[in-house]
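Please read all numbers here as calculations on a predicted model, not as lab measurements. Just so we're on the same page: letters track the sequence lines, and every chain starts at 1.
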Amino acid sequence: MLDLRFVTEHLEEVRAGFARRGFVDEALLDKLSALAQRRREAIVTAETRRAEQKKAGQEMAKADKSSPEFTERREALRVVAAEVKALEAARSAVEAELSELMLHLPNLPADDAPDGLDERSNVVQRVWGERPSFDFKPKDHVELGVDLDILDFERATKISGARFVVLKGLGSRLERGLMQFMLDTHVDEHGYTEIWPPAIVKDDAMRGTSQLPKFAKDAFRIAKDAEWEKENEAAGHDLYLIPTAEVPVTNLHADEILEREQLPIAYAAYTACFRSEAGSYGKDTRGMIRQHQFDKVEMVRFCAPEDAEAQHELLTSHAEAILQKLGLAYRVVKLCAGDMGFAAKRCYDLEVWLPGQNAYREISSCSWFGDFQARRMNARYRPSPKEKPRLLHTINGSGLAIGRTLVAILEQYQEADGSVGVPEALRPYMGGRDRITRD
RNA sequence: GGAGAGGUGGCCGAGUGGUCGAAGGCAACCGCUUGCUAAGCGGUCGUACGGUCAAAAGCUGUACCGGGGGUUCGAAUCCCCCCUUCUCCGCCA
């Protein structure tokens, strides 16, 4: 969420920033500006009246309770109380409308985010590794995995529907090994603290990292029956399956004030991720590129604003380290303003080479959010003991998407006979095997 | 799922209808003092949103005692619902 004061005082700057993202809604910002004005007026009237009421109340405390004046005064104050109540209600109505609106505004792109509205304007930063060349026609991971009997899409469909996969034998072992390898690397070499978070979160958490309210369609909401819905409503929250570990891990410090010395904080977490992939019909329907459930190791960093950009580069390098250790050819792309996620100021996508698609495909997205998420979560730190708390900056990135890593390994390490080499770094996690073959 | 007890400021902990943003203590910060390892004294010591101001400071208003609603002229204090923590029983991985 953006700072309301900043938005109202820099309306044109905000408008221009939004335009760079392709978010153009003249009426919205004008409405917001008017609402902000109304909000201030509502606060002033309500609080002035309330102050009068309180002052009168203090006199009542000292007054002779049995006097006729007291009774008379009490009757008069009854009217004031009703007025205050009405004014407060009006005030919270305006504030509710305003904050709902604020929740729908995207973050402002960083100055250096390239112009452009879609992926064609993304800028390649660097290319790493040599794309494997084959003296045979490379297969895609579906063919390889099915032939090796380590991926089973048909049975997954039978038991769960489209966009699921069953991993079997060394396929499962590979998925598990990758999870271990990634976490071990981030924890032991990159200094991250390991987190194993819940996979179900409240809507508050989803709002904190900004999956809600705008992207409710992409998430799986937990629903049971009418009674469950009623209980949820009474409890004041909904529950969602996490679409990424970013949600529970970032929200770890919601409503907290951290000390400067604690920063930066770096967490790494493995979780399953659940996405409804609404609106992606017909996209990546083949294989395990886009699934309703997938595994991912996520890195999350919290830091002071002045360290944020360096921290973003650092986190990106940690994601790259995984690809490098696995010997997977990839490139780093800086996303243009229009292609970035809703909450990001700047974003690097790591794209791994997939011979089966003859294309680079996203395997990690490393974003710097500024204080956008922190403001929604109310996550702050104290620069020094005497200073007022300030909002943290948050940064996160996949390190990496495990399923897509598995896909990349199958495709980049495939041999003419349909077997697949195991990257050296992974062998300890594969029981010492250096090759996956059909047994 | 059943029974009981709690949730107050960074921490501990008073406070059962009015003068409480909240005693006291600890921690922290600033200063002074002493000087034999750490002590003494004084001060400061919440957050948010408004108003005033060119702005900051300052001053000032309002809100916040787990969350929400209610009663009342007035609620940290009374009532209701919810969340959560602890203990015991049951169940379960």
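- Using cut-offs of 30° and 60° on the angle between ring planes, the pair A:Tyr192 and A:His190 is perpendicular.
- The same atom, C1', is picked in B:rG43 and in B:rU33; the two are 14 Å apart, to the nearest Å.
- Here B:rA54 presents its C1' atom at 12 Å from CD of A:Glu9, a figure rounded to the nearest Å.
- One atom, CD of A:Gln37, and another, P of B:rG50, lie 12 Å apart when rounded to the nearest Å.
- Checked against ring pair (Phe, Tyr, Trp, His ring centres under 6.0 Å), A:Phe18 has the following partners two or more places apart in sequence or in another chain: A:Phe23.
- Between B:rC80 and B:rA57, the distance separating the two C1' atoms is 46 Å to the nearest Å.
- Nucleotide B:rA48 forms a Watson-Crick or G-U wobble pair with B:rU62, both donor-acceptor distances falling under 3.5 Å.
- Listed for the A:Gln291 side chain is a donor-acceptor partner under 3.5 Å among the backbone atoms of A:Val165.
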Can you give the donor-acceptor pairs under 3.5 Å from side chains of residues 209-216 of chain A to other protein atoms, not counting sequence neighbours?
{"unit_1": "A:Thr209", "atom_1": "OG1", "unit_2": "A:Ala205", "atom_2": "O", "d": "3.1"}
{"unit_1": "A:Thr209", "atom_1": "OG1", "unit_2": "A:Gln211", "atom_2": "OE1", "d": "2.7"}

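- In this structure, CZ on A:Arg39 lies 6.0 Å from CG on A:Leu4, to the nearest 0.5 angstrom.
- A:Glu387 has its CD atom 15 Å from the C1' atom of B:rC45, to the nearest Å.
- Side-chain atoms of A:Glu246 and A:Gln373 include a donor-acceptor pair closer than 3.5 Å.
- With P as the reference atom, B:rU34 and B:rG24 are 29 Å apart, rounded to whole Å.
- B:rG18 and B:rG74 have their P atoms separated by 14 Å, given to the nearest Å.
- Applying salt bridge (Lys or Arg N to Asp or Glu O under 4.0 Å) to A:Lys325 and the options A:Glu424, A:Glu320, A:Glu189 leaves one that passes, A:Glu189.
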Please enumerate all protein N or O atoms sitting under 3.5 Å from an N or O of nucleotides 7-17 of chain B, with distances to 0.1 Å.
none

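- Going from atom CD of A:Glu59 over to atom C1' of B:rC73 covers 12 Å, rounded to whole Å.
- For A:Ser276, the side-chain contact (heavy atoms from CB on, under 4.5 Å) partners are A:Phe220, A:Ala278, not counting sequence neighbours.
- Across the protein-nucleic acid pair, A:Leu35 atom CG and B:rC49 atom C1' stand 17 Å apart, rounded to whole Å.
- Using P as the reference atom, B:rG66 and B:rG9 are 8 Å apart when rounded to the nearest Å.
- Within residues 83-102 of chain A, the residues having any heavy atom under 4.0 Å from RNA chain B are, by residue number, A:Lys85.
- Of the two residues near RNA chain B, A:Ala61 and A:Ile43, the one whose nearest nucleotide lies more 5' is A:Ala61.
- Listed by chain and number, the residues in a ring pair (Phe, Tyr, Trp, His ring centres under 6.0 Å) with A:His104 amount to none (sequence neighbours excluded).
- Within the 4.0 Å cut-off from OP1 or OP2 of B:rA48, at least one side-chain nitrogen or oxygen of A:Lys388 is found.
- With the nearest nucleotide of RNA chain B identified for both A:Gln58 and A:Pro389, A:Gln58 has the one nearer the 5' end.
- Sorted pairs that involve residues 60-86 of chain A and meet ring pair (Phe, Tyr, Trp, His ring centres under 6.0 Å), not counting sequence neighbours, are lacking altogether.
- Within the shown strands, B:rC32 is the pairing partner of B:rG40 under the Watson-Crick or G-U definition, both distances less than 3.5 Å.
- With sequence neighbours left out, A:Ala319 forms a side-chain contact (heavy atoms from CB on, under 4.5 Å) with A:Met299, A:Leu350, A:Ser364, A:Cys366, A:Leu400.
- When Watson-Crick and G-U wobble pairs are counted only if both distances are under 3.5 Å, B:rA3 pairs with B:rU87.
- For A:Phe294, the side-chain contact (heavy atoms from CB on, under 4.5 Å) partners are A:Cys273, A:Arg275, A:Lys296, not counting sequence neighbours.
- Pair assignment for B:rU77: none, as no Watson-Crick or G-U wobble contacts are both less than 3.5 Å.
- Using a 4.0 Å heavy-atom cutoff across all strands shown, A:Arg39 reaches sugar-phosphate atoms only and no base atom.
- Using Watson-Crick or G-U wobble geometry with both donor-acceptor distances under 3.5 Å, B:rC92 finds no partner in any strand shown.
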Q: If a protein heavy atom is under 4.0 Å from the base, mark B; if only from the sugar-phosphate, S; if neither, -; do that for nucleotides 74-81 of chain B going 5' to 3'.
A: S-------

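- Under 4.0 angstrom from either OP1 or OP2 of B:rC49 there lies no side-chain N or O belonging to A:Arg40.
- Here, B:rC83 and B:rC92 have their P atoms 24 Å apart, quoted to the whole Å.
- For the pair A:Lys65 and B:rG18, the criterion of a side-chain N or O lying under 4.0 Å from OP1 or OP2 is not met.
- Pair assignment for B:rU19: none, as no Watson-Crick or G-U wobble contacts are both less than 3.5 Å.
- Straight-line distance between the C1' atoms of B:rG7 and B:rG15: roughly 15 Å, to the nearest whole Å.
- For residues 300-319 of chain A, the pairs satisfying salt bridge (Lys or Arg N to Asp or Glu O under 4.0 Å) are A:Arg260-A:Glu306, A:Arg260-A:Asp307, A:Glu309-A:Arg346, with sequence neighbours left out.
- Counting any heavy atom pair closer than 4.0 Å across all strands shown, A:Lys54 reaches sugar-phosphate atoms only and no base atom.
- Listed by chain and residue number, A:Arg427 satisfy the side-chain contact (heavy atoms from CB on, under 4.5 Å) test with A:Asp434 (two or more places apart in sequence, or in another chain).
- For A:Arg49 and B:rA63, the CZ to C1' distance is 19 Å, given to the nearest whole Å.
- Nucleotides B:rA75 and B:rG17 have their C1' atoms positioned 6 Å apart, rounded to a whole Å.
- The residue A:Arg382 sits close only to the backbone: its heavy atoms come under 4.0 Å of sugar-phosphate atoms, none of a base.
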